[in-house]
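Presented below is the structure to which this report refers.
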Number of protein chains: 2
Amino acid sequence: MKGIRQLAEHLDISIGTVSRALNGKTDVNPQTRQRVLEAAERLGYVANQSGRSLRKGSTGVIGFMMQTGPEITGQGDTFFMSVFDGVQTVLARHSLDLVALLCSSSEDPDAYLQRTVARGFADAVILSATRRNDARFELLDRHKIPFISLGRSLTDVGQPWIDLDFEGMAEIAMERFVRAGHREIGVIWPNGDLNLGHLFVERCRDVLARHGLALPDEHIFRAKPSETGGYEVAQEIAGRPRRPTAVALVNETLVTGLYKGLEEAGIRPGKDIAIVGRHSPHTQFLSPALTGFSLSLHELGICLAESLLSVMPGYQGHYTGVSRRIWPMTLVEGASG
Amino acid sequence: MKGIRQLAEHLDISIGTVSRALNGKTDVNPQTRQRVLEAAERLGYVANQSGRSLRKGSTGVIGFMMQTGPEITGQGDTFFMSVFDGVQTVLARHSLDLVALLCSSSEDPDAYLQRTVARGFADAVILSATRRNDARFELLDRHKIPFISLGRSLTDVGQPWIDLDFEGMAEIAMERFVRAGHREIGVIWPNGDLNLGHLFVERCRDVLARHGLALPDEHIFRAKPSETGGYEVAQEIAGRPRRPTAVALVNETLVTGLYKGLEEAGIRPGKDIAIVGRHSPHTQFLSPALTGFSLSLHELGICLAESLLSVMPGYQGHYTGVSRRIWPMTLVEGASG
DNA sequence: ATCGGCGTCGTAAACGTTTACGGAAACTAT
DNA sequence: ATAGTTTCCGTAAACGTTTACGACGCCGAT
């Protein structure tokens, strides 16, 4: 089936009526609509995306930008796939499609986004892996592209965001360590300029200061956001003359490597060193069981989608008020700290 | 910057010449081309995707279809992110963009693909998670959409594919078990109808038969392709009266749960039961170290892209001969089996 | 001086769809 | 019977590009 023209000729109806029938307009006889729908179904006709969005000025596509490469920035594996699923449950109700915009590791993320949105590839965008000062915010704002972000940034153009409660994590983790009597407390800070790292470390420092404790530089460990990164941090910890007795980390993927590295150095998690981290499918079978924060990814996805719709012209009526939100995480107690 | 018309007016050049200048056609004065490119750069003009692809009949977009949801089918998603990166290194040379087509877990994959390609959303598609009889192959063939698949299927429409060497895995794993004196050998088969599971199990059965051994049904364990699935299989193994002394598995994500479940049941991996599986970033810190197969994901991505280009009209000249390929994996010996 | 060729550019027609507009028929109310 | 209203449908313009075609000016060759 080539196009709507063929379909119209085949039905001996005008092209305009066919289009209206397919798009659910009111001014079309129910009977002819039926005929059109049946023929379209039978012949496998689907409106061409380019023609449609050229005319309408919108594509019906929502882009979720992420970077490819061996090291996921920020979150681990199944994280995004679960979030996507939640996003889609909402978008599907509005006939919107979600695609992942994949930025190669060899391309500058800002340039990629510029190229992609200026083309008019997607109607709206969800950003993740937000940096401390994220130029993508201003770029999308300049282009008047509706967007939201999973994560805050110091650059703020007024868009909605949802961010995991890393500061709450810091509060609870640090208080927990202090209450357990720890005095030498460390933090693992994933490499790169992700804002979540800044937020977490700063809050940790604040909480410790409230208790008259310091967070010295030598207790802040930078790590690649991967299993190997965790392993390397463990080696670093083991090598330090002044060794922390408790560490908190914000990254899902580090922890397995961390456990392993510590054990090899004779430092037993949960006994010689307390650990508080993040829960994920990958961490659920560690032993000792990880004390960590978990969250509902599906719900998060739903909330993201609703926030996005609230800034998209034509959809604002449905979802409103969901502007900015700190996403709660719950502590699941294990034996690690 | 609205469109090419504005840009042309601003430069006082005809719209046709501007287009030719931007698209690198030969019949344009080098000096005016320079002017056009500078103005486009300065004003941030990028050709509208819909208009362009409507006229050209192609989009410049390659889709990689994957299913969202909490349980990744088959592979973990650091897997895909690494493969994507390899794919992109090749596609970028041809100004092709890769996007992930995300099929919601609540939508039928075949219907999703139908909807998406009939719209003309992408010029070509890469399929993954191929099923035993995958209707998507015929669908894409009917629509004359160039595509390749990561994984074989019994339905064959002549497209190129690349498949990991699961049969080679079966050969080596089974031979290894037999040589080590195992007589009760089991296989873990991920749920669903992925063809790789069939291929693996069948070949395991064949190899064992060569040695006069059987692969009874009670030694074939179906599992959810997730950490939890591995844990549940472990419990099942532990509960069986006739317990395998060696198991092979084909899935990256199962193994951590499997280890844990076995240990809880007092069955020590590498001692009481031999395990051969797949290596991934998540499995590298297991103890005892996993004996498993690994592969170069980046290279795999490159090969996928080249195969795809070889079936895309207009690109065939560059890449040829790469039609179907069993992708080798290398055994990394650990202490688990 | 004429002609062909080359380099450069403008014009206009497509690509497939949606939708504003207007018109024809049928129906309702007077 | 007439006017007004409603229901349905056809016509054509528009969306932003790319590209076939032709035109213009300039050069060198005859």
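Numbers restart at 1 for each chain; the letters A, B, ... are given by sequence-line order, proteins then strands.
- Listed pair Ser14(A) / dC9(D) fails the phosphate criterion, with no side-chain N or O lying under 4.0 Å from OP1 or OP2.
- Looking at Arg55(B), its side chain has no donor and acceptor atom pair within 3.5 Å of the base of dG16(C).
- Across all strands shown, Ser50(A) has no heavy atoms under 4.0 Å from either base or sugar-phosphate atoms.
- Across the helix from dA1(C)-dT30(D) to dT30(C)-dA1(D), the helix axis at one end is tilted relative to the axis at the other end by 50° (nearest 10 degrees, each axis from five pairs).
- Remark: side-chain polar atoms of Arg33(B) are not paired, donor with acceptor, to backbone N or O of Val18(B) under 3.5 angstrom.
- Put simply, the residue from Ser58(A), Ser50(A), Ser53(A) that forms a side-chain hydrogen bond (donor to acceptor under 3.5 Å, both in side chains) with Ser50(B) is Ser53(A).
- Checked by atom type and distance alone, the side chain of Glu299(B) never pairs as donor or acceptor with a backbone atom of Val83(B) at under 3.5 Å.
- Among the protein residues, Gly57(A) comes within range of no part of the nucleic acid, since none of its heavy atoms lies under 4.0 Å from any strand.
- Under 4.0 Å is where a charged nitrogen must lie from a carboxylate oxygen, and between Asp163(B) and Arg152(B) at least one such pair does.
- Looking at residues 22-31 of chain A, you'll see Asn23(A), Lys25(A) sit with a heavy atom under 4.0 Å from some atom of DNA chain C.
- Checked for salt-bridge contact, Arg324(A) and Asp156(A) meet the test: a charged N lies under 4.0 Å from a carboxylate O.
- The closest donor-acceptor contact from the side chain of Ser153(A) to the backbone of Arg131(A) lies under 3.5 Å.
- Counting non-hydrogen atoms under 4.0 angstrom, Ile15(B) reaches a base of the nucleic acid.
- With salt bridges taken as basic N to acidic carboxylate O contacts below 4.0 Å, one links Arg119(B) and Asp97(A).
- Distances shorter than 4.0 Å separate none of the side-chain N or O atoms of Arg5(A) from OP1 or OP2 on dG16(C).
- Listed pair Ser53(B) / dT17(D) fails the phosphate criterion, with no side-chain N or O lying under 4.0 Å from OP1 or OP2.
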